[in-house]
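Have a look at the structure below before the remarks.
This is a predicted model, so every value here is computed, not measured.
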Amino acid sequence: MSTTELPKQYNPLESEAKWQKYWEESGVFVAASESEKEPYCIMIPPPNVTGSLHMGHAFQEVLIDILIRYHRMRGFNTLWLPGTDHASIAVQTILDKQIKAEGKTNQEVGREKFLDRAWKWKAESGGTIVSQLRRLGVSADWTRERFTMDEGLSNSVTEAFVKLYEAGLIYRGEYLVNWCPESQSAVSDLEVDSKEVNGHLWHFRYPLADGSGHLVVATTRPETMLGDTAVAVNPEDDRYKHLIGKTIMLPIMNREIPIIADQYVDPKFGSGCVKITPAHDPNDFEMGKRHQLPLINILNKNGSINENGGEFQGQDRFVARKNVVAKLDEMSLLEKIEDYAHTVPYSERGKVPVEPLLSIQWFVNIKPLSDFALEQFDKQNSPTFVPDRWGKVYRDWLIRLKDWCISRQLWWGHQIPAWYAPDGTIFVARTEAEAYEQATAKFGEDVTLERDPDVLDTWFSSGLWPFSTLGWPVQTQDFETFYPTSVLVTGFDIIFFWVARMTMMAGYFTGKMPFHTVYIHGLVRDENNQKMSKSKNNGIDPLVLINKYGTDALRYSLVKEVTGAGQDIRLDYNRKTDESTTVETARNFANKLWNASRFVMMNLNLEHGAAALQVEDLELADRWILSRYAQTVLQVREQLDAYSMGEATKSLYEFFWGDFCDWYIELVKSRLQEEANPNSRATVQQTLAFVLDGILRLLHPFMPHVTEEIWQLLTYGTSEPSSDLPVLAIQPYPEIDTTHINEELEEQFKLIIGTIRTIRNLRAEAEIKPSLKVKVILQSDSDRERTLLEFGQSYILDLARVEDLAILATVDESATEEAIAGVVGTVQAIVSLVGVVDIAQLVTKLERTLKKLEGAIASSQGRLNNEGYVKKAPPEVVATARAELEESLKQQEILKARLAQLQK
């Protein structure tokens, strides 16, 4: 192979774009609908069509891609199905702003033209996230890309709604929902951001109706008292037992309301009395049902007070809040006001506090669905959670589930397939024609129907994602082959909102759990270990790092930071320079892989690829690296099978950089020289090629582009994609070959390598020039250790730059004179300094260094012993000073030990 065929520098941007384009165009990632191979399928957690790639996406998709590429190379019929979510609220928000900027309202534009705009926006701007995912190097089957509002998935959503309705599991009713007054729509829990707010806690006196006294209640929302229908106390609270059953005269409204007893009330909180507003608080709503309290709604849908608010009718809720407090103060019923930090739910879309509001909505009767999912989990451990601690969270969620509000007052989304006759009769059908057919049978030909204007909660269609994307309700070949899917990879924050909905929907419609395993990953935290969020504006753009360091570097750095399944990772980042030492380290690893491969190829002199190993010709170092390689294959496969992807990257790093580059290549360089024995040179060439080929295969799922580029050059002598040449992406992953594993040999090499490292360290301490060879004595009481050292003495002579090596059981006292010594295990290494170092000069230099260091130590100790300095200086400065002092004390100890040796 010509050395000019491997450039000196690796160009990641050029290589990554080239191979990603070729892989996709040549169908490398396309799965077979029918195959004798075992199927392996992962569905992408569909990102919002409005989204752009953030670091959380990058982390998640890299984890998925590693699993997909690993299984594809293992010979599975592998499908990674990509797609995007229609993101009802996000798209509607974008269009709302556009229409408002034009001085119009949605009603003026009309639903039909609004939806035309939405589809046009999707066509023009909705592909951003997809193109960014491709930059990340994902190996998805883009021929199967889905969109939650494409025709097939829309049909699936309609079919699911109709079937649930016909089974009595979807109903329409008036219940308490999260309401956004700004967008005037119900919102799910996931569409709510909880914010810590410094507010107030108002304490009011509620007079007893008989005039015998009053009770004190407290609230953070004074305006809701207009809708109070009871005051509750704990039945065991001796202070109020005598009042249970009596009544309160509600101030301002002059409405007589009962004093009730309920275990929910905490006697230790506040006065132990709680005002109950069933129409505006979820806990009060449940208590209201238990005690059959009336529900009085005081709010309009825009957040203003309605006719039930008396004199405050028409006022905005926050204006009414101030006026209610003023009125109660005027009536001498304001007990006190406390500063109070508490959590307030804000609408993600409307950016205003949400209100619990009574509203007529569509709901799913969730218990029959959750019961089946719970049974599967309890009896079959299906799905299995990794880490398993998340299984308990999932189970707890299934037990606590309440009926699911699935209607949203929006236009962009799946319109609810329900039509209303003039008398309110509901007809749920797959099409308008089918609805009219039902209505005509009941009311005759002249009946007119109006379709429900609401759309379904986005999570309804997302809940069908694992099977609707494969064709359900049609029993397609894809559905037969790939369902249930293999793994779901997702974050812990949506176990409740998405994972549980998928298991419930899949259980009901397919009778099976939608995936065998749920792998829960952690968060990517910023350089200050803070969670990334829009509100903090501390996100890190993956594309900035990709453009600077390359895709493979970002992929590798994200995974290498994982210290255990499900653990958060911290990404170092300099916001002024857009640099990351974490990703730079991974880029350096890619460069090391390139340069080591270049060295190997320069020394192969093979036509191409790795020749078959001639086991009988292997020398000690060859057998050692093959054992280490076999151990690494075993370890990495076990780690990937256990979803320990971070540990797998570390294993590969240590083997490649440590065993292969730092030791094996150095150990065999002399055998690659032209004057070396031809058979020995051929053996080392074969071993280098074999192990490098295996390293590239092992690393491919993590760093696909650079490994493909090198493998093509190693195997075929060209890096230009060609339909005539296979690609690494579908080559077999290294198999476990225990015949090469020799643990005894590995233990022997630990001693040899440790001895070389110790001699090198001693040379550095004594400042011996690299060009000079030294005399060394290795002393050990162990016959076994001396035999091992003799076996590896050629490596010690070569790599430690030793000209005279004695391996002895004992040494005379004189042997340590004018010498420096170190220990590896129970072996003492003694390096003679005679003729290679001016000992007096070295002692003088070390003494000067020690004196300077001791002065710095004294100064540092003086500052840290000064209480004034420690109190006034920033904590991080003090911490740095303590760390520097600790390091200086260690250096002082080392210098003193060196001087003691030299001055014997």
Side-chain angles (χ1 to χ4, degrees), residues 86 88-89 91-93 95-96 99 104-119 148-149 151 153-188 297 299-302 306-307 349 357-365 403-461:
H86 61 275
S88 284
I89 289 179
V91 172
Q92 182 105 13
T93 301
L95 295 178
D96 286 352
I99 291 168
K104 300 176 183 177
T105 66
N106 290 355
Q107 286 66 34
E108 289 171 341
V109 171
R111 185 173 194 136
E112 187 176 342
K113 289 185 177 178
F114 180 94
L115 291 176
D116 287 343
R117 283 181 179 231
W119 282 107
T148 48
M149 280 180 63
E151 184 179 1
L153 297 194
S154 294
N155 291 338
S156 299
V157 168
T158 299
E159 184 68 20
F161 187 97
V162 172
K163 283 183 177 293
L164 287 170
Y165 181 81
E166 291 174 346
L169 296 176
I170 282 183
Y171 62 92
R172 191 168 183 256
E174 187 176 40
Y175 284 85
L176 211 60
V177 297
N178 292 324
W179 185 263
C180 172
E182 180 66 24
S183 62
Q184 296 192 35
S185 173
V187 293
S188 73
N297 174 30
L299 289 176
N300 294 311
K301 291 186 176 181
N302 65 359
N306 65 18
E307 68 279 3
R349 179 185 175 212
L357 187 72
L358 274 176
S359 179
I360 296 176
Q361 302 287 342
W362 288 91
F363 293 84
V364 174
N365 178 4
D403 285 0
W404 171 18
C405 175
I406 56 171
S407 46
R408 298 290 180 268
Q409 289 63 54
L410 305 168
W411 284 351
W412 174 246
H414 297 102
Q415 191 170 357
I416 291 174
W419 286 261
Y420 303 101
D423 70 347
T425 301
I426 301 172
F427 297 97
V428 169
R430 291 166 181 81
T431 63
E432 186 175 37
E434 187 180 308
Y436 266 99
E437 187 179 327
Q438 295 175 22
T440 300
K442 183 176 178 66
F443 294 109
E445 295 290 340
D446 295 334
V447 69
T448 58
L449 298 178
E450 184 177 343
R451 188 170 184 177
D452 193 308
D454 291 352
V455 299
L456 287 166
D457 176 13
T458 305
W459 294 102
F460 189 90
S461 54

| request: Write down the atom of Pro422, the atom of Thr448, and the distance for their closest heavy-atom approach. | output: CD-O, 3.3 Å
| message | Working note: Glu108 + Lys104, criterion salt bridge (charged side-chain N to carboxylate O under 4.0 Å, His left out); need CA distance, chi angles, decisive distance, verdict. | response | CA-CA 6 Å; Glu108 289 171 341; Lys104 300 176 183 177; over 6 Å; no
| message | Assess, by modelled atom type and distance only, whether the side chains of Thr440 and Glu445 contain a donor and an acceptor separated by less than 3.5 Å. | response | no
| note | Taking every heavy atom of Pro453 against every heavy atom of Trp411, the minimum-distance pair comes out as O-CD1, 4.4 Å
| said: Are the side chains of Tyr436 and Leu449 in contact, using a 4.5 Å heavy-atom criterion? | reply: yes
| request: Supply the atom-to-atom distance Asn106 CG to Arg117 CZ, rounded to the nearest 0.5 angstrom. | output: 9.0 Å
| task | Side-chain contact test, heavy atoms from C-beta onward, threshold under 4.5 Å: evaluate it for Glu437 versus Glu432 and give yes or no. | result | no
| said: Walk me through whether Tyr175 and Ser359 qualify under side chain to side chain contact (heavy atoms under 4.5 Å, CB included). | reply: CA-CA 6 Å; Tyr175 284 85; Ser359 179; over 6 Å; no
| said: Let me confirm one number: the CG-CG distance from Leu357 to Asn178, rounded to the nearest 0.5 Å. | reply: 10.0 Å
| field | Trp179 side chain to Lys301 backbone, donor-acceptor under 3.5 Å | value | yes
| Distance from Leu410 atom CG to Ile89 atom CD1, nearest 0.5 Å? | 6.0 Å
| field | Residue pair Pro181 / Asn302, side-chain heavy-atom distance below 4.5 Å | value | no
| query | For the residue pair Trp419 and Ala429, what are the closest heavy atoms and their distance? | reply | CZ3-O, 3.5 Å
| Any side-chain donor paired with an acceptor under 3.5 Å for Asp452 and Tyr420? | yes
| task | Examine distances only and state if a side-chain atom of Gln438 and a backbone atom of Val428 form a donor-acceptor pair shorter than 3.5 Å. | result | yes
| note | What one should report as the nearest heavy-atom pair of Val157 and Ser461 is CG2-CB, 3.6 Å
| query | Going through the checks in order, is the side chain to side chain contact (heavy atoms under 4.5 Å, CB included) test met by Arg111 and Gln415? | reply | CA-CA 11 Å; Arg111 185 173 194 136; Gln415 191 170 357; 3.5 Å; yes
| task | Return the minimal non-hydrogen interatomic distance between His86 and Val91, and the atom names on each side. | result | O-CG2, 3.4 Å
| query | Rounded to the nearest 0.5 Å, what separation is found between the CG atom of Leu164 and the CD1 atom of Ile406? | reply | 7.5 Å
| Taking C-beta and beyond as the side chain, do Leu299 and Asn306 meet within less than 4.5 Å on heavy atoms? | no
| request: Determine whether Thr458 and Trp412 make a side-chain contact, defined as any pair of heavy atoms from C-beta on separated by less than 4.5 Å. | output: no
| said: What's the separation between atom CD1 in Ile416 and atom CG in Asp454, rounded to the nearest 0.5 Å? | reply: 5.0 Å
| field | 4.5 Å side-chain heavy-atom contact, Pro417 and Arg451 | value | yes
| query | Can Gln409 and Gln92 be counted as having a side-chain donor-acceptor contact under 3.5 angstrom? | reply | no
| said: If we count only N and O atoms by modelled type, under 3.5 Å, do the side chains of Asn365 and Trp404 hold a donor and an acceptor together? | reply: no
| query | If you draw a 6.0 Å radius around CD in Glu307, do more than 12 non-hydrogen atoms from other residues or ligands fall strictly inside? | reply | yes
| request: Give, for atom CG of Leu169 and atom CG of Asp403, the distance between the pair rounded to the nearest 0.5 Å. | output: 10.0 Å
| Does CD belonging to Glu151 count more than 12 external heavy atoms closer than 6.0 Å? | no
| field | Any Gln361 side-chain heavy atom under 4.5 Å of Arg172 side chain | value | no
| Tyr165 and Ile426: side chain to side chain contact (heavy atoms under 4.5 Å, CB included), yes or no, with the steps? | CA-CA 11 Å; Tyr165 181 81; Ile426 301 172; 4.1 Å; yes
| said: Counting neighbours of CD on Glu166 that are heavy atoms of other residues, nucleotides or ligands and sit closer than 6.0 Å, is the number greater than 12? | reply: yes
| message | Under the criterion side chain to side chain contact (heavy atoms under 4.5 Å, CB included), I'd like the reasoning laid out for Met149 against Trp119: C-alpha separation, chi angles, the key distance, then a yes or no. | response | CA-CA 10 Å; Met149 280 180 63; Trp119 282 107; 3.8 Å; yes
| Would you say His414's side chain and Asp457's backbone share a donor-acceptor pair under 3.5 angstrom? | no
| request: For Tyr171 and Val364, work out which heavy atoms get closest and say how close. | output: CE2-C, 4.3 Å
| request: Evaluate the side-chain proximity of Phe443 to Asp423: yes if any heavy-atom separation is below 4.5 Å, no if none is. | output: yes
